[in-house]
Student: 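Okay, here's the structure, questions in a sec.
Quick note on labels: first sequence line is chain A, next is B, and so on, each numbered from 1.
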2 protein chains.
Amino acid sequence: MSLPKPGQPVRGSKSGQPIMALLDLLGRSWAMGIVWHLYNGPSTFRQLQAYCESISPTTLNKRLKELRESHLLERTVEGYALTKEGKELYELIEPLGSWARHSWAKKFKS
Amino acid sequence: MSLPKPGQPVRGSKSGQPIMALLDLLGRSWAMGIVWHLYNGPSTFRQLQAYCESISPTTLNKRLKELRESHLLERTVEGYALTKEGKELYELIEPLGSWARHSWAKKFKS
DNA sequence: CATACTCGCTACTTTTTATGTAGCAAAGCT
DNA sequence: AGCTTTGCTACATAAAAAGTAGCGAGTATG
């Protein structure tokens, strides 16, 4: 799987519109979960592995590479951490959390 | 792949927190693209297939089933359409579009 | 009535992704 | 020197997605 970049054809869009590249990137397994988790603070590779209970090191490493190349996270002395863009992204997807709890989950209670 | 439901263990979380179930669901290939597209109005199966240029009918059908069972879309006389919840969800992820264009894409121009 | 569409979908094979497990090299204790 | 932790790679297996063909139902057209 190649890195989706805005402006280039990606999985799902020959036009490479930024939103499609972003959806391709975030649509890969664990990508959003990693961003979600790192908002709490930097984590090491092994901490991320423990957090994402069933991720394999192979996949984790691939996702980390992709997210780094996409400028959403970086390595620091404390481990992997969100960049400015990564934090912005988190703040955009954050409302999903409360919506999922308060509106969406209720539809499954029947 | 089984349908992720809030309150049950899902890919990535034994707790089944709604947000994790949602991320699992949306993280599957094309799921967000389908929601994104349907906000413009209902589409038939073949229209969706044409829109998602490289999706296979097998995968499209699976995604549609999952999204229907998750109450995000439904079948109408005009084809597949977003439910009230689906529209709410779209409106939550919609800001990603302008962020991707205006902030994120710029990081790749170097 | 026949034939020729379109539509929603299934069957099947191939390719791509992800998982599961083992373990290595580098760095930091002790 | 020995023992751990850390970040990661290698390899085999399993799961998911793509690619292609085509069926049965419905509708339109001659």
Student: So do the side chains of A:Leu38 and A:Ser43 get within less than 4.5 Å of each other, counting heavy atoms only?
Tutor: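 In short, these two side chains touch, coming nearer than 4.5 Å.
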Student: Rounded to the nearest angstrom, tell me the gap between atom CD in B:Gln47 and atom C1' in C:dC7.
Tutor: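 Taking atom C1' of C:dC7 as the reference, CD of B:Gln47 is at 11 Å.
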Student: Would A:Glu74 and A:Arg68 pass as an ion pair if we require N to O under 4.0 Å?
Tutor: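 Not counted as a salt bridge, because no side-chain N and carboxylate O are separated by less than 4.0 Å.
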Student: Below 30° counts as parallel, above 60° as perpendicular, anything between as tilted: where do the rings of B:Tyr80 and B:Phe45 land?
Tutor: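 Geometry flag for B:Phe45 against B:Tyr80: tilted rings.
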Student: Stepwise, does the side-chain contact (heavy atoms from CB on, under 4.5 Å) test hold for A:Leu96 with A:Trp104?
Tutor: CA-CA 10 Å; A:Leu96 287 179; A:Trp104 184 58; over 6 Å; no
Student: How many Å lie between CZ on A:Phe45 and C1' on C:dA26, as a whole number?
Tutor: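 Atom CZ in A:Phe45 sits about 15 Å away from atom C1' in C:dA26.
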Student: CG of A:Asp24 versus C1' of C:dT16: gap in Å, rounded?
Tutor: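 So the CG-C1' distance, A:Asp24 to C:dT16, works out to 13 Å.
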Student: Between A:Leu64 (CG) and D:dT9 (C1'), how many Å, whole number?
Tutor: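 These atoms are roughly 14 Å apart.
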Student: Hey, does the side chain of A:Thr83 reach the backbone of A:Leu72 with a donor-acceptor pair shorter than 3.5 angstrom?
Tutor: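 Indeed, once roles are kept as given, a pair shorter than 3.5 Å links the two residues.
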Student: Answer yes or no: is there a donor N or O on one side and an acceptor on the other, between the side chain of B:Ser70 and the main chain of B:Glu66, under 3.5 Å?
Tutor: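 Checked: pair present.
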Student: Just the atom pairs and distances: protein N or O near nucleotides 27-30 of chain C's N or O, under 3.5 Å.
Tutor:
none

Student: Each nucleotide in nucleotides 14-26 of chain D should get exactly one letter: B, S or -. Can you fill that in based on protein heavy atoms under 4.0 Å?
Tutor: --SSBBBB-----
Student: Using side-chain heavy atoms (C-beta onward) and a distance below 4.5 Å, is B:Glu85 in contact with A:Ser103?
Tutor: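 The answer is no; the side chains never approach within 4.5 Å.
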Student: Is the backbone of B:Glu88 close enough, under 3.5 Å, to the side chain of B:Glu91 for a donor and an acceptor to pair up by distance?
Tutor: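 Side chain of B:Glu91 to backbone of B:Glu88: no pair is present.
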Student: How sharply is the helix from C:dC1-D:dG30 to C:dT30-D:dA1 bent, taking the axes over five pairs at either end and rounding to 10 degrees?
Tutor: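 One end axis against the other gives 20°.
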Student: Decide side-chain contact (heavy atoms from CB on, under 4.5 Å) for A:Leu22 and A:Met20; before the verdict, give the C-alpha distance in whole Å, the side-chain angles of both, and the deciding distance to 0.1 Å.
Tutor: CA-CA 5 Å; A:Leu22 185 63; A:Met20 296 312 291; over 6 Å; no
Student: Is B:Asn61 close enough to C:dG8 that one of its side-chain N or O atoms is under 4.0 Å from OP1 or OP2 there?
Tutor: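 No.
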Student: Look at the rings of B:His71 and A:Phe108 and say which category their plane angle falls in: under 30° parallel, 30 to 60° tilted, over 60° perpendicular.
Tutor: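 If you compare the ring of B:His71 with that of A:Phe108, the planes turn out perpendicular.
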Student: Below the 4.0 Å mark, does C:dC7 have OP1 or OP2 next to a side-chain nitrogen or oxygen of B:Tyr80?
Tutor: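 So the side chain of B:Tyr80 is outside the cut-off, no N or O lying under 4.0 Å from OP1 or OP2 of C:dC7.
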Student: Could you go through A:Glu94 and A:Tyr39, starting from their C-alpha distance and side-chain angles, then the distance that decides it, and tell me whether this counts as side-chain hydrogen bond (donor to acceptor under 3.5 Å, both in side chains)?
Tutor: CA-CA 10 Å; A:Glu94 194 275 335; A:Tyr39 195 75; over 6 Å; no
